[in-house]
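These figures come from a predicted structure and were not determined experimentally.
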Amino acid sequence: MAFAMFPIFVGSGRSGTTVFRNIFDSHPDLAITHEAHFVAPMAKRRGRYETNGFDTDRFVADLFKNSNFVRQGLLQDAVQAQLEADAVSGFADAVRSVFRLYAADHGKTMAGDKTPGYVNHLELLGGVFPEAKFVHVIRDGRDVALGYLDRAEWGPSTVADAALYWRSRVSRGRRGGAALGPARYVEVRYEDLVDDPEKTIRHLCDFLGLEYHDEMLRFHEKGAAFIAASNTPEAFGGLAKPITKGMRDWRVQMDAADVALFESIAGQQLGEVGYELASGAPSPTIRMRAALAGLTWQVKRLQARVRPCLRGAWRRVGAA
């Protein structure tokens, strides 16, 4: 029941993944979900559905508890009927059935996903779905930081946190991609799309085994409808315009001290993915700020890992 190919678009937030999603969703044969967010979390606990056969009812119930999945517009009865019609026997086939229904619901024959956070789970997803191919969208981290500072409620609210976040996402994605290999993983820079849209999209079509269609670069003609349907329309105004240079430019919009701080934290990663650095050796003050930010980041990550364990322990104590 596998699709001929199953593209998954990943990357750091604010890197242009939605632009790529809308471009490929404009392909006449391909429908791309917009951050359904259910595949990786459910894949981690897929054994929950695979005891004594496949528990379709439990899978569907969990699926519709996910508000991000619900906003994709599929009806619960239709999902249940699709799974039963396909006689799914395991988690991977169940997910394929859901995407098959999503494609049909949009008048397409193939489907894929755009969830940036899956950049942290490439090996997991690649193992569960051997047909999947991954497109890792990379954008200059300094521009990514500006995007986060404009929409601080979405993620990092400081330049230092944005640098640590971007560095983590890019490095995790590249490690996972190296494990999958070049037949299943490709990197594309947002700046290359801006410089030469058709060449960039043709290259990705070749990688995915898709025929290129001119209407893919007319994605903006449907941009107003996409923006109106979004729960944060103010974040996607640019999607109603053709691809345009200079919509965000750290060279003129970022303070020199912030550039130096970002590069002190993530300069090595910037260089590894082809971006030039603007600052020289960081000053002692910048080095101290970078070190403090890194320490704080590690503490927060440790707290995030420990907190669920503590909650579980308290639940067990309460039940005793």
Side-chain angles (χ1 to χ4, degrees), residues 5-25 32-46 66 68-69 72 95 99 111-148 151 154-156 161-193 200 203-204 207-208 235 262 265-266 268-275 297-298 300-301 304-305:
M5 69 80 201
F6 182 17
I8 301 178
F9 292 81
V10 303
S12 167
R14 313 309 289 160
S15 291
T17 54
T18 304
V19 175
F20 281 91
R21 178 266 171 196
N22 285 15
I23 289 171
F24 279 86
D25 188 65
I32 305 289
T33 60
H34 177 56
E35 301 194 25
H37 285 284
F38 76 97
V39 183
M42 294 178 77
K44 290 178 182 178
R45 49 194 173 96
R46 57 194 179 279
N66 185 322
N68 289 300
F69 173 78
Q72 307 305 313
V95 172
F99 277 91
D113 190 16
K114 189 279 286 192
T115 300
Y118 293 169
V119 75
N120 291 329
H121 308 292
L122 298 190
E123 291 178 82
L124 167 68
L125 296 176
V128 174
F129 304 101
E131 74 275 25
K133 292 189 174 185
F134 299 86
V135 178
H136 183 182
V137 179
I138 298 176
R139 187 174 191 170
D140 191 314
R142 293 158 292 194
D143 283 331
V144 170
L146 288 176
Y148 273 119
R151 303 283 308 170
W154 277 15
D161 281 351
L164 289 159
Y165 177 89
W166 179 85
R167 185 182 71 181
S168 173
R169 289 292 178 100
V170 172
S171 60
R172 284 285 296 275
R174 301 193 87 208
R175 285 198 302 272
L180 290 171
R184 301 187 61 198
Y185 168 87
V186 69
E187 295 173 2
V188 57
R189 298 202 327 174
Y190 176 81
E191 293 79 9
D192 293 336
L193 176 70
T200 301
H203 171 66
L204 292 180
F207 168 73
L208 294 172
F262 190 102
I265 294 169
Q268 179 177 341
Q269 190 68 66
L270 282 168
E272 288 177 358
V273 291
Y275 297 106
W297 174 266
Q298 292 298 331
K300 288 179 180 177
R301 293 182 67 182
R305 284 196 290 266

Min side-chain heavy-atom separation [X]-[Y] under 4.5 Å:
X    : Y    : result
W166 : L270 : yes
V186 : H203 : yes
E35  : R21  : no
L193 : I23  : yes
D143 : R14  : no
D161 : K300 : yes

For R184, the side-chain contact (heavy atoms from CB on, under 4.5 Å) test, sequence neighbours excluded, returns A132, F134, L180
Fit a plane to each ring of Y185 and H136, take the angle between them on a 0 to 90° scale, and name the class: parallel (under 30°), tilted (30 to 60°) or perpendicular (over 60°).
tilted
Please check if any side-chain donor atom of D192 sits under 3.5 Å from a side-chain acceptor atom of T200, or the reverse.
no
Quick one: do the T18 and K114 side chains pair a donor with an acceptor below 3.5 Å?
yes
Taking the side chain from [X] and the backbone from [Y], do they hold a donor-acceptor pair closer than 3.5 Å?
X    : Y    : result
R301 : Q298 : no
Y118 : L125 : no
S171 : R167 : yes

Rounded to the nearest 0.5 Å, how far does [atom2] of [Y] lie from [atom1] of [X]?
X    : Y    : atom1 : atom2 : answer
S12  : Y190 : OG    : OH    : 13.5 Å
R139 : R189 : CZ    : CZ    : 12.0 Å
T33  : F99  : OG1   : CZ    : 4.5 Å
H121 : I8   : NE2   : CD1   : 11.5 Å
I138 : T17  : CD1   : OG1   : 12.5 Å

Over all heavy atoms of both residues, which pair between [X] and [Y] is shortest? Give the atoms and the distance, please.
X    : Y    : result
Y275 : D140 : OH-N, 3.1 Å
E123 : A179 : OE1-CB, 3.5 Å
S168 : W297 : CB-CZ2, 4.2 Å
P182 : F207 : O-CE1, 3.5 Å
A111 : P7   : O-CD, 3.7 Å

Steps toward side-chain contact (heavy atoms from CB on, under 4.5 Å) verdict (Y165, V144):
CA-CA 10 Å; Y165 177 89; V144 170; 5.7 Å; no
With sequence neighbours left out, write down each residue that passes ring pair (Phe, Tyr, Trp, His ring centres under 6.0 Å) with F9, or none if nothing qualifies.
F24
Could you tell me which residues satisfy salt bridge (Lys or Arg N to Asp or Glu O under 4.0 Å) with R169, sequence neighbours excluded, listed by chain and number?
none
Among L122, D113, T115, which one satisfies side chain to side chain contact (heavy atoms under 4.5 Å, CB included) with V10?
L122
